[in-house]
Amino acid sequence: MFTIKLLLFIVPLVISSRIDQDNSSFDSVSPEPKSRFAMLDDVKILANGLLQLGHGLKDFVHKTKGQINDIFQKLNIFDQSFYDLSLQTSEIKEEEKELRRTTYKLQVKNEEVKNMSLELNSKLESLLEEKILLQQKVKYLEEQLTNLIQNQPETPEHPEVTSLKSFVEKQDNSIKDLLQTVEEQYKQLNQQHSQIKEIENQLRMTNIQEPTEISLSSKPRAPRTTPFLQLNEIRNVKHDGIPADCTTIYNRGEHISGMYAIRPSNSQVFHVYCDVVSGSPWTLIQHRIDGSQNFNETWENYKYGFGRLDGEFWLGLEKIYSIVKQSNYVLRIELEDWKDNKHYIEYSFYLGNHETNYTLHVVKITGNVPNAIPENKDLVFSTWDHKAKGHFSCPESYSGGWWWHDECGENNLNGKYNKPRTKSKPERRRGLSWKSQNGRLYSIKSTKMLIHPTDSESFE
């Protein structure tokens, strides 16, 4: 650029000097003739300027060429990087599609196995009911047969008894086969669950975001659990001979604690745990031992029951009501603290139906637990998602469903299970606890709530 500027400066000077010389030649009469050729100095100046212009242009071209080469190299590197990224993206998409297909197949298989398990459970429940009925009939026939043998020793065995025995044996074998099949199905379910978890982990590693459901609740709640007790319920069963409660079972000769099927009057057949305490049969309606079951449940689950009869459970308000509406019952509460001290209390009580929110009214009979349940008051059952109109809203701060009055007490057997020395006092108050007579708050290790008719003959 400097050379071009210099040339543009020199050329006008040369031209102006030539014009001046030509003008002076007109003014003076020169005896010599006019030269046709330019002066040598002008030619040299012009040639020198052109030479410098050529060198400048040459340097500029070389510099521009180097810059263009650098740009092309960078473009080649960018193209190669973009191509590599495209290949990696294609591979990741293919892996994603394959993982999604595998996940879908596993989910379909999982649903099939679950449906098969539910069908097997339903068949197993039906067979168990039939077995119980047949055992009761066989027992009755055996008693009659024993009396006949004692009176007539030479009389042969009744053919109906023999056929019933063989039928019961066949039913036992069928139940064993079904149990084995169910165990195999559960094993397959566990394998399917582990495979699905592995697939989900792989999806997370490839940064695949799956759609998630967003909760619309304004407050976080404990996760809901499926009520296991509803699976044990058998609807529309109309067989005769099923006992109405645990006392009836005890009076028929079953003196061992365990699970039995009952059918209260005008009710459906369901299973209960009969607990023999000091030679007296009690129906267990609530049990807490280790905190394995979440008791911060919904109103629907408290109504129909949840948990496992061989562990922690709540029998269900509707089932409890179907039992106690048959006669006058006694409510017994057993408590054990973390120092292995055991306490109990018994009440005569009245329980309303669902239209009264299962209102409870108790009067103490005996026991060594003070301040257990408020006496001579209408206590309304409430949960976090179902609050009785016009009553104090206790479950907002006290976890688990319970019977409340116009104020919150310190006693809640369905609260959160807290282990000792790990929770503050406010958390213990919201959990499984009991307030003593001196006002001290105790954390409870285990609880039992049992019911028993005042009439020991029950409903024979």
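Because the structure is predicted, anything quoted here is derived from the model rather than measured. Atom set for the values below is all heavy atoms of this structure, side chains included, hydrogens, waters and symmetry mates excluded.
A distance-only check finds a donor-acceptor pair linking the side chain of Arg288 to the backbone of Gly415 [under 3.5 Å]. Checking side-chain atoms of Asp245 against main-chain N and O of Thr248 turns up a donor-acceptor pair under 3.5 Å. Distance alone, capped at 3.5 Å, places no donor-acceptor pair between the Gln135 side chain and the Glu130 backbone. Between the Trp403 side chain and the Asn412 main chain, no donor and acceptor come within less than 3.5 Å of each other. A donor-acceptor distance shorter than 3.5 angstrom exists from the side chain of Asp337 to the backbone of Lys339, with no hydrogens or angles considered. At distances below 3.5 Å, at least one donor-acceptor pair connects side-chain atoms of Thr356 with backbone N or O atoms of Asn353.
Salt-bridge formation is detected for the pair Glu96/Arg100: a Lys NZ or Arg NE/NH1/NH2 atom is positioned less than 4.0 Å from an Asp or Glu carboxylate oxygen. Electrostatic pairing of Lys97 and Glu95 does not count as a salt bridge here, judged by no charged N lying under 4.0 Å from a carboxylate O.
Considering only heavy atoms from C-beta on, Tyr273 stays 4.5 Å or farther from Thr283 through its side chain. Contact of the Tyr417 side chain with the Lys445 side chain is registered, since non-hydrogen atoms from C-beta on lie closer than 4.5 Å. Side-chain contact between Leu379 and Pro374 is present, with at least one heavy-atom pair separated by less than 4.5 Å. Considering only heavy atoms from C-beta on, Leu317 stays 4.5 Å or farther from His354 through its side chain. Inter-residue side-chain proximity for Leu335 and Ile333 is flagged as met; some heavy-atom pair is nearer than 4.5 Å.
The aromatic rings of Trp282 and His452 lie tilted to each other, with the angle between the two planes from 30° to 60°. Aromatic ring orientation, Trp299 versus His386: parallel (interplanar angle below 30°, classes split at 30° and 60°). Using cut-offs of 30° and 60° on the angle between ring planes, the pair Phe82 and Phe78 is parallel.
Checked by atom type, the side-chain pair Glu346/Thr366 shows no donor-acceptor distance below 3.5 Å. If you check the side chains of Tyr350 and Asp378, you find no donor sitting under 3.5 Å from an acceptor. Side chain to side chain, Tyr358 and Glu318 meet the donor-acceptor criterion of an N or O pair below 3.5 Å. Side-chain polar atoms of Glu297 and Thr383 form no donor-acceptor pair below 3.5 angstrom.
Counting all heavy atoms, side chain and backbone alike, Pro243 lies closest to Ala261 at CG-O, 3.6 Å.
In this structure, Lys123 places its NZ atom where only 12 or fewer heavy-atom neighbours from other residues, nucleotides or ligands lie under 6.0 Å away. Around atom CG of Asn266, no more than 12 heavy atoms belonging to other residues, nucleotides or ligands sit under 6.0 Å away. The number of heavy-atom neighbours closer than 6.0 Å to CD1 of Ile256, taken from other residues, nucleotides and ligands shown, is 12 or below.
Taking the ring centroids of Tyr250 and His255, they lie under the 6.0 Å cut-off. Aromatic rings from Phe381 and Trp402 are positioned such that their centres are separated by 6.0 Å or more.
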Less than 3.5 Å apart, which donor and acceptor atoms pair up between the side chains of residues 62-69 and the rest of the protein, not counting sequence neighbours?
| from | atom 1 | to | atom 2 | distance (Å) |
| --- | --- | --- | --- | --- |
| Thr64 | OG1 | Phe60 | O | 2.8 |
| Asn69 | ND2 | Lys65 | O | 3.2 |

